[in-house]
Amino acid sequence: MYPNKTEIMEYQPREIERKWKAYWEEHKVYKVTHQSDKPKFYVLDMFPYPSGAGLHVGHPLGYVASDIYARYKRMSGFNVLHPMGYDAFGLPAEQYAISTGVHPAKSTAENIQRYREQMDNLGFSYDWDREVQTSDPSYYKWTQWIFAELFAHYYDVDQNKARSISDLTVAFAQAGSAGVNAYHSYEGQFSAAEWNAMSAVQKDEVLMNYRLAYRKASYVNWCEALGTVLANDEVKDGVSERGGYPVERRAMLQWSLRITAYAERLLNDLNDIDWSDAMKRMQGNWIGRSEGAQMFFDIANSEAKIEIFTTRPDTIFGATYMVLAPEHDLVPGLITPEQAAQVEEYLHYVKSRTERERMAEVKEVTGCFLGSYAINPFTNENIPIWIGEYVLKDYGTGAIMAVPSDDDRDDAFARKFGLKIVDVVDKSKYPGSTRHDKEGIIINSGFLNGLEVPAAIEEMLQRIEKMGLGKRRVNYKLRDALFSRQRYWGEPFPIQYDQEGVSHALDTAQLPLELPEVEDFKPSSVGSPLARAADWVNLPNGFKRETDTMPGSAGSSWYFLRYMDPHNGQEFASQEAVNYWREVDLYIGGTEHAVGHLMYSRMWHKFLYDKGLVPSKEPFKKLINQGMIQGVVESVFLQKEKVNGQSRFICHSMLAEEEAKGLSFSKIPVLVDYVTDYGLPSSHLDAAGVQKFIEWRPDYQNAIFEGPEAIFQNGTVTAKPGKSGVLQLVTLSEVGKMSKSMFNVINPDDVVEQYGADCFRMYEMFLGPIEQAKPWDTKGISGVYNFLRRFWALFYDKTLTNFKVSDEAPSKAEYKILHTAIKKIKEDIERYSFNTCVSAFMIAVNDLQKANCNKREVLDALTRLMAPFAPHQAEELWHLLGHDGSVHHADFPVLNEAFLVEDVIEYPVQINGKLRTTAPFPADAQPQTLEKAVMEIEAVQKWTEGKEIKKIIVVPKRMINIVVVG
RNA sequence: GCCGGAGUGGCGGAAUUGGUAGACGCGCUGGAUUCAAAAUCCAGUAUUGGCAACGAUGUGUGGGUUCGAGUCCCACCUCCGGUACCA
């Protein structure tokens with residue numbers, strides 16, 4: 001007779017998880033302070049943007065990994081800071097506000113609440129008392145404060161650090177612009193007397209070329225029809241994504257951050273941090289350091305000079321024309337009347353092109369001759385000046401000398417427009433050498449002839465400097481960060497302008513400068529929605545506030561510091577807290593942030609370091625990039641032309657045939673909940689699915705849905721003549737981003753509801769390496785669930801009615817199972833290989849089950865080993881084992897290698913590298929002994945018979961390989 | 001285009017330093033249990049030839065280095081992320 005069902009102590013994740021979550025919260029199990037004798041460890045997740053779609057199964061991948069690591073460190077004697085918060089300013093909330101009128105603060109708060117519930121459901125060990133929200137005035141007070149500090153500083157090149165603007169103005173007053181070696185963008189020089197004679201407006205203009213936060217004219221995507229600036233994301237194929245209106249590049253006066261001042265340090269300090277080589281390479285390439293010459297080309301019949309930067313001064317004799325960015329300041333003055341119409345037409349075309357398009361389009365080069373000529377300083381020839389979209393305004397100097405014989409793009413340009421090409425590098429001695437390689441012998445170049453390229457570069461640099469044509473210079477591809485947005489939902493700039501237009505930063509006491517209430521979030525005629533709040537913009541003393549707001553990257557550039565002391569009203573964080581926690585020891589987040597967020601954060605951190613406010617040069621010591629969890633997008637096909645006034649959808653299997661009839665179809669994504677066999681090739685909509693689909697999209701309620709066997713319309717399924725009448729619309733399944741717009745978001749709550757949070761956590765880890773992208777699918781989750789039940793069952797008798805562990809001492813074999821697991825799991829956590837940890841647990845449980853082991857000593861250690869992975873189940877078992885207090889405050893098991901020693905090793909035996917047999921030998925056998933012993937084996941004799949043995953390779957404890965010939 | 005990453009059974013993946021390719025899990029096949037089913041347990045499962053013993057082939061494609069290559073080198077293909085205002 002089976003026991004009554006209620007007596008069976010089956011693993012019940014729902015009850016266990018509810019119970020322990022409440023316990024942890026009540027006992028503040030994860031609360032942490034910096035008053036501790038333990039060594040610190042800071043584990044951080046990239047905080048989420050709380051979108052309306054809610055958290056999907058991709059987000060927790062990194063959070064679970066960091067939580068396991070944080071718990072492991074906590075159990076290993078560290079004082080662990082593990083916080084979470086929200087990157088709460090952003091475009092989607094604002095778009096939502098524009099279309100629905102709901103205040104972004106309200107929708108953001110709702111989204112945050114939902115995210116919090118979803119995260120709470122997964123059993124993370126965050127210290128929620130430290131939560132930050134970037135849109136909270138008590139937080140953005142300090143974002144504004146850091147901005148104001150950037151505004152009040154310049155970069156001293158000699159001291160290699162940021163210094164106060166007041167030091168700069170003192171130096172200017174004493175010695176003019178020559179008085180300091182500062183990183184700046186000012187063209188020209190001025191004396192002390194000239195500086196002192198300047199008006200406030202003039203001084204403000206000069207200082208804008210020195211400040212680390214400064215204002216300049218920058219280009220934006222302007223959409224006249226929508227009356228707004230668009231994000232690159234909102235522009236598709238040169239037109240606005242919404243509405244398809246034309247978009248043009250337009251210059252506007254905007255704030256920027258002088259990140260280029262930090263370029264060298266951002267590059268060099270990569271050496272000191274533990275990031276993947278790929279990530280360092282990406283950052284390094286983004287910074288794009290190159291050495292070369294800055295030089296000036298004279299213009300025929302003009303006083304102006306064109307400044308260029310080149311890494312190949314050795315090829316100047318081959319510079320047969322020049323190309324300026326179409327937006328270059330000199331362009332208007334270089335257009336001759338004959339060329340005016342053509343140039344205007346070209347400029348009109350360029351305006352319609354996004355920067356991305358301009359860089360990506362290589363097959364079709366475009367450009368236009370301005371009519372003027374520059375003078376090549378070495379050949380003294382007049383060379384035509386062109387404009388071309390492949391030269392970008394913010395790249396280098398926005399102008400190049402074109403050497404078609406030694407640069408692919410210049411070559412394509414010259415060929416298309418019939419410009420002169422002069423070979424200057426003879427590569428005949430370097431077969432396989434490309435134009436990108438600095439190799440070859442210089443020809444057709446006067447005094448450089450016969451020199452190797454590197455020597456020619458050096459010779460030319462010396463000449464250029466001696467002749468006063470220019471200087472050696474280091475150039476960076478990195479550009480200053482555009483920091484203004486014409487948006488409502490962002491941090492207001494702590495800047496106001498006086499009657500003369502001179503900018504002034506607010507004092508700390510005046511912060512935070514809160515966002516004003518506006519009735520309408522749409523862009524205003526003057527750009528930013530804030531401009532509408534007249535009372536807020538116009539101050540009683542006649543000053544006006546800045547109406548742009550900061551970008552999303554502002555709040556996220558320093559949030560890792562705020563977690564250290566999140567409620568401090570006097571400072572961004574106390575020095576005591578900052579000096580204890582120092583920097584993030586482990587940072588986990590997506591590769592999509594490889595350059596943007598990580599570069600800006602590093603710059604802000606370095607600035608604060610220069611000011612002596614943080615003790616570390618780098619904010620993130622170790623970085624792990626989690627791969628994206630992708631979703632499967634399921635689509636049906638909608639015929640573009642209506643049939644008898646009705647929309648018609650067809651089965652994917654009919655597509656080719658229907659298209660052959662000359663019909664065309666568009667792909668319509670379907671909410672994946674309605675799809676049967678989701679994610680499989682057989683995925684389809686059945687009649688019930690179609691019914692749900694039309695309830696969801698009422699505009700298609702009378703549409704025709706045609707499968708191979710039947711047709712559905714208005715709730716009725718009609719069999720096709722001679723067919724079964726079963727309605728089945730196969731959907732197209734494609735792997736893509738998991739996103740609200742593709743209707744394929746999978747909510748972790750649904751998975752947790754069915755299997756529990758512990759199972760969800762372990763399954764996400766079991767999916768594969770943390771760094772790899774993979775599509776979500778729940779096929780294997782039952783295996784993990786089974787494992788958790790089997791682990792649970794080890795603590796019970798066969799009928800699962802009585803908790804039953806034995807106090808007997810474990811056997812040698814049982815110890816070996818345990819310590820094999822301890823070794824593997826500890827090593828794998830430390831190398832962030834969480835998927836193989838789960839395998840190791842499974843192996844241990846399988847082995848213990850086979851050995852019928854229920855020894856307390858083994859199960860107690862295994863429970864602690866499991867605690868970081870399945871925190872709820874481990875806590876329950878820990879208490880069932882009779883412990884008080886949380887397992888998460890217990891010690892992580894310690895490895896004893898003595899249990900793992902092997903006496904005999906099964907050696908693989910290879911002949912010429914091919915495995916032929918295996919043979920057991922003592923673990924301590926010497927190579928000479930093995931060489932002899934291996935020849936005794938029958939299989940070896942069979943394979944070596946009649947052949948000459950050249951040598952025997954013995955790798956102790958690994959393998960034996962016999963090399964034979966004949 | 002440029003920068004970075006990934007490609008291994010039917011599927012997710014393992015192989016940590018150049019040393020037994022396919023651990024672990026899913027799925028599938030067969031068996032036990034059951035009136036039956038679910039659940040559970042046992043066995044098998046890269047492809048291919050063979051009753052078997054055993055053999056051949058095999059880590060995106062093509063070459064190379066090595067006693068030995070999933071791993072290193074060269075060339076290429078496909079997919080994914082970023083490309084400076086999505087976050």
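Quick note on labels: first sequence line is chain A, next is B, and so on, each numbered from 1.
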Regarding the side chain of A/Arg281, the nearest nucleotide among B/rG4, B/rC67, B/rU20 is B/rG4
May I ask you to check whether A/Phe869 and A/Phe841 place their ring centres under 6.0 Å from each other? yes
For A/Val838 and A/Leu915, take the nucleotide of RNA chain B holding the closest heavy atom to each; which residue's nucleotide lies nearer the 5' end? A/Leu915
Side chains of A/Phe47 and A/Met84, heavy atoms from C-beta outward: is any pair under 4.5 Å? yes
Any chance you could list the contact pattern along nucleotides 78-87 of chain B? Use B for base contacts, S for sugar-phosphate-only contacts and - for none, protein heavy atoms under 4.0 Å, 5' to 3'. --SBSBBBBB
Verify the contact: side-chain N or O of A/Asn786 to OP1 or OP2 of B/rU40, cut-off strictly under 4.0 Å; return yes or no. yes
Side-chain atoms of A/Lys942 come closest, of B/rA6, B/rU16, B/rG55, to B/rG55
Using the P atom as the reference point in each nucleotide, state the distance between B/rU71 and B/rG19 in Å, no decimals. 11 Å
Closest listed nucleotide, where the reference is the side chain of A/Arg831 and the choices are B/rC67, B/rA15, B/rU40: B/rA15
Please determine whether side-chain hydrogen bond (donor to acceptor under 3.5 Å, both in side chains) holds for the pair A/Ser556 and A/Asp87, giving the CA-CA distance in whole Å, both sets of side-chain angles, and the decisive distance to 0.1 Å. CA-CA 7 Å; A/Ser556 60; A/Asp87 187 12; 4.6 Å; no
If you check the A/Ile843 side chain, which of B/rG13, B/rC41, B/rA23 turns out closest? B/rA23
When the P atoms of B/rA69 and B/rG58 are compared, how many Å lie between them, rounded to an integer? 11 Å
Can A/Glu830 and A/Lys826 be counted as an ion pair, charged N to O under 4.0 angstrom? yes
Touch class at under 4.0 angstrom, heavy-atom based, for A/Trp943 against every strand present: sugar-phosphate
List the steps and the verdict of side-chain hydrogen bond (donor to acceptor under 3.5 Å, both in side chains) for A/Trp558 and A/Thr143. CA-CA 8 Å; A/Trp558 72 283; A/Thr143 308; 3.0 Å; yes
Is the base of B/rC3 touched by the side chain of A/Asn285 through a donor-acceptor pair closer than 3.5 angstrom? no
Nucleotide nearest A/Asn961 (side chain, heavy atoms from C-beta), chosen from B/rG13, B/rC24, B/rG19: B/rG19
What is the nucleic acid contact for A/Lys914, judged by heavy atoms within less than 4.0 Å: base, sugar-phosphate only, or nothing? sugar-phosphate
Which part of the nucleic acid, if any, lies within contact of A/Arg958, taking any heavy atom under 4.0 Å across all strands shown: a base, the sugar-phosphate backbone alone, or nothing? sugar-phosphate
By the 4.0 Å heavy-atom rule, please label A/Lys824 as base, sugar-phosphate, or nothing. base
5'-to-3' dot-bracket of RNA chain B (Watson-Crick, G-U; under 3.5 angstrom; crossing pairs as [ ]; | other strand): (((((((..(((......[....)))((((((.......))))))((((....))))..(((((..]....))))))))))))....
Does the side-chain hydrogen bond (donor to acceptor under 3.5 Å, both in side chains) test come out yes or no for A/Asp548 and A/Ser528, once each step is laid out? CA-CA 6 Å; A/Asp548 283 353; A/Ser528 173; 4.7 Å; no
At under 4.0 Å between heavy atoms, what does A/Asn846 touch on the DNA or RNA strands: base, sugar-phosphate, or nothing? sugar-phosphate
Tell me what A/Met842 touches on the nucleic acid: a base, only sugar-phosphate, or nothing, going by heavy atoms under 4.0 Å. sugar-phosphate
Please tell me which of A/Arg790 and A/Gly783 maps to the more 5' nucleotide of RNA chain B, matching each residue to the nucleotide holding its nearest heavy atom. A/Gly783
